[in-house]
Every structure is written in C-alpha cells, then in structure tokens.
Amino acid sequence: MKNLFLILFALFTAYCNAQKISEDHIDEFTKNHVKRTDWEGLTFEMKAVTSYRFSKIDNQYFIQLKIMLGDVYFSINENDELMLKLINEEIVTLKNIKYTTTCVGCGSTGFNGSQSQGINVSYNVSNEQYQLLTQNTISKIRIYTSKNYIDLEIKKKKADILQKALKLLE
C-alpha cells in the first residue's frame, strides 16, 4: 500500500509540473503555423503575480505575460522592455509589441484575480534570444510599466519549468 501511495504521489507531482502544448495548428486564414504552451505561474508575491506562456508563429517566438500589481491601473508602452537576468549574469532584453493598459481580469489565468486589474502583454523573442533562453536559467526579471519598473526573483523550480516550456516549441 505504501508503494502504491508513493507511485501515485510521483505521478501526480510529475503531472502538475508537466508542460504541454495547448495549441498546435495552421491558422485557416493566415496559413501561419501557431504553437502555444499552457499558461504557467511565474511569480506569486505581494508586489506582483505573473503568469506566462510561449508562442511560436511560423518562425517567430513570443512570450506573453499576464501581470497583476494589486488593484493598480497601469500600462505598458510599445517597445517598453522586459529584461531577463540569466544565472551567468547575462541580460536578455525583450520589447513589448504594442501599447496595452490594464483591465479587470486581464492579468488572470483563471478565477483567482479575475476581478482585479491586470494586463496581458506580448514580447518578441528573436531566434538568438530563444536559443540563449533554452540554454541558460533565468534568475530575475525586470518589467517596465508606466508607473515604474518592478524586479522579481525567479525561483529555481519556476525557472526550470520555464525552460522546459520554451523547449516545447522546438
């Protein structure tokens, strides 16, 4: 009985941390090949709750972020930066695709936070940046907003899951 419990626990743990592709299809209008990962939580702190998913449309990569900074209204301008600090001290700088402002529920990936102000933004990831991110662990991020910037530590477990999600797009 004890062995059965251990096996079930191991399977449950593996399932909870498993990354998968949520979309993989050819868009019927544009004929683009669209591939996206599931949403995954990145940080859950008093100052910010963030989630992400990765997309690949044809040969272009993107990271999409959902961000909640309490019940605060803010925006992120086109070309505002998302900076990713790697464990080797290298900085990868991504640019926001378009001006976006907060709205109720926009930073949420489920019921939790669905009544709070949040934002959903996308950043371009070049092929070179993609390769760098799949080979190096992220330790910290900096998100620039209309209010200021916010620095967030990324826990090792979350960084490992992020790297696995990236590799699913290969």
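A 4.5 Å side-chain heavy-atom check between Asn124 and Lys95 finds every atom pair outside the cut-off. A 4.5 Å side-chain heavy-atom check between Asn136 and Leu133 finds every atom pair outside the cut-off. The side-chain heavy atoms of Tyr123 and Ile143, taken from C-beta on, include a pair separated by under 4.5 Å. Using a 4.5 Å heavy-atom cutoff, the side chains of Asn120 and Gln64 are in contact. Between Asn77 and Asn96, every side-chain heavy-atom pair lies at or beyond the 4.5 Å cut-off. The closest side-chain heavy-atom distance from Ile150 to Ile141 is not below 4.5 Å. Here the side chains of Ile138 and Leu86 are in contact, with some heavy-atom distance below 4.5 Å. Residues Gln117 and Val104 have side chains in contact (heavy-atom distance under 4.5 Å, counting atoms from C-beta outward).
Taking CG from Asp38 and OG1 from Thr109, the interatomic distance works out to 10.5 Å, rounded to the nearest 0.5 Å. Put simply, CG on Leu166 and CD1 on Ile161 are 13.0 Å apart, with the number rounded to the nearest 0.5 Å. Atom CG of residue Asn59 and atom CG of residue Asn127 lie 7.0 Å apart, to the nearest 0.5 angstrom. Separating the CD1 atom in Ile21 from the OG atom in Ser55 is a distance of 9.0 Å, to the nearest 0.5 Å. With values rounded to the nearest 0.5 angstrom, Ile119 atom CD1 is found 6.0 Å from Thr101 atom OG1. Interatomic distance, Leu94 CG to Ser126 OG, rounded to the nearest 0.5 Å: 8.0 Å.
Ring pair Tyr149/Tyr144 is tilted by interplanar angle, where 30° to 60° counts as tilted.
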Requested in this report: Check the pair Arg53, Glu40 against salt bridge (Lys or Arg N to Asp or Glu O under 4.0 Å), reporting the backbone distance first and the verdict last.
Outcome: CA-CA 6 Å; Arg53 75 174 175 181; Glu40 183 68 42; over 6 Å; no
Evaluate the criterion side chain to side chain donor-acceptor pair (under 3.5 Å) for residue pair Asp24 and His33; output intermediate values, then yes/no.
CA-CA 7 Å; Asp24 189 0; His33 183 199; 2.6 Å; yes
Discussion item. Under the criterion side-chain contact (heavy atoms from CB on, under 4.5 Å), I'd like the reasoning laid out for Glu170 against Tyr130: C-alpha separation, chi angles, the key distance, then a yes or no.
Written reply: CA-CA 10 Å; Glu170 292 178 337; Tyr130 173 81; 2.9 Å; yes
For side-chain contact (heavy atoms from CB on, under 4.5 Å), just list the numbers for Thr43 and Val49, CA-CA rounded to whole Å, side-chain angles, deciding distance to a tenth of an Å, and then say yes or no. CA-CA 5 Å; Thr43 63; Val49 176; 5.7 Å; no
message: Under the criterion side-chain contact (heavy atoms from CB on, under 4.5 Å), I'd like the reasoning laid out for Val72 against Thr102: C-alpha separation, chi angles, the key distance, then a yes or no.
response: CA-CA 8 Å; Val72 176; Thr102 57; over 6 Å; no
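Ionic pairing of Glu23 and Lys35 is not present here: no N-O contact between side-chain nitrogen and carboxylate oxygen is shorter than 4.0 angstrom. Checked for salt-bridge contact, Lys156 and Asp160 meet the test: a charged N lies under 4.0 Å from a carboxylate O. A salt bridge between Lys98 and Glu78 is absent, with no side-chain N of the basic residue lying under 4.0 Å from a carboxylate O of the acidic one.
Across all their heavy atoms, Ile63 and Val125 have their closest contact at N-CG2, 3.9 Å. Of all heavy-atom pairs between Tyr52 and Gly41, the closest is CE2-O, 4.0 Å. Of all heavy-atom pairs between Ser116 and Met68, the closest is CB-SD, 4.2 Å. Residues Leu168 and Lys20 come closest through the heavy atom pair CD1-N, 3.6 Å. Lys47 and Leu152 get closest at one heavy-atom pair: CE-CD2, 3.7 Å. Across all their heavy atoms, Lys158 and Leu42 have their closest contact at CG-O, 3.7 Å.
In the displayed structure, Asn88 atom CG is contacted under 6.0 Å by more than 12 heavy atoms of other residues, nucleotides or ligands. Counting non-hydrogen atoms of other residues, nucleotides and ligands closer than 6.0 Å to CD of Glu45 gives a total above 12.
There is a path of hydrophobic side-chain contacts, each under 4.5 Å, that joins Leu132 to Leu169. In this structure, Ile57 is a member of the same hydrophobic cluster as Ile97, with clusters built from ILVMFWY side-chain heavy atoms closer than 4.5 Å.
No donor-acceptor pair closer than 3.5 Å links the side chain of Glu153 to the backbone N or O of Lys140. In this structure, Ser139 contributes its side chain and Lys85 its backbone to a donor-acceptor pair below 3.5 Å.
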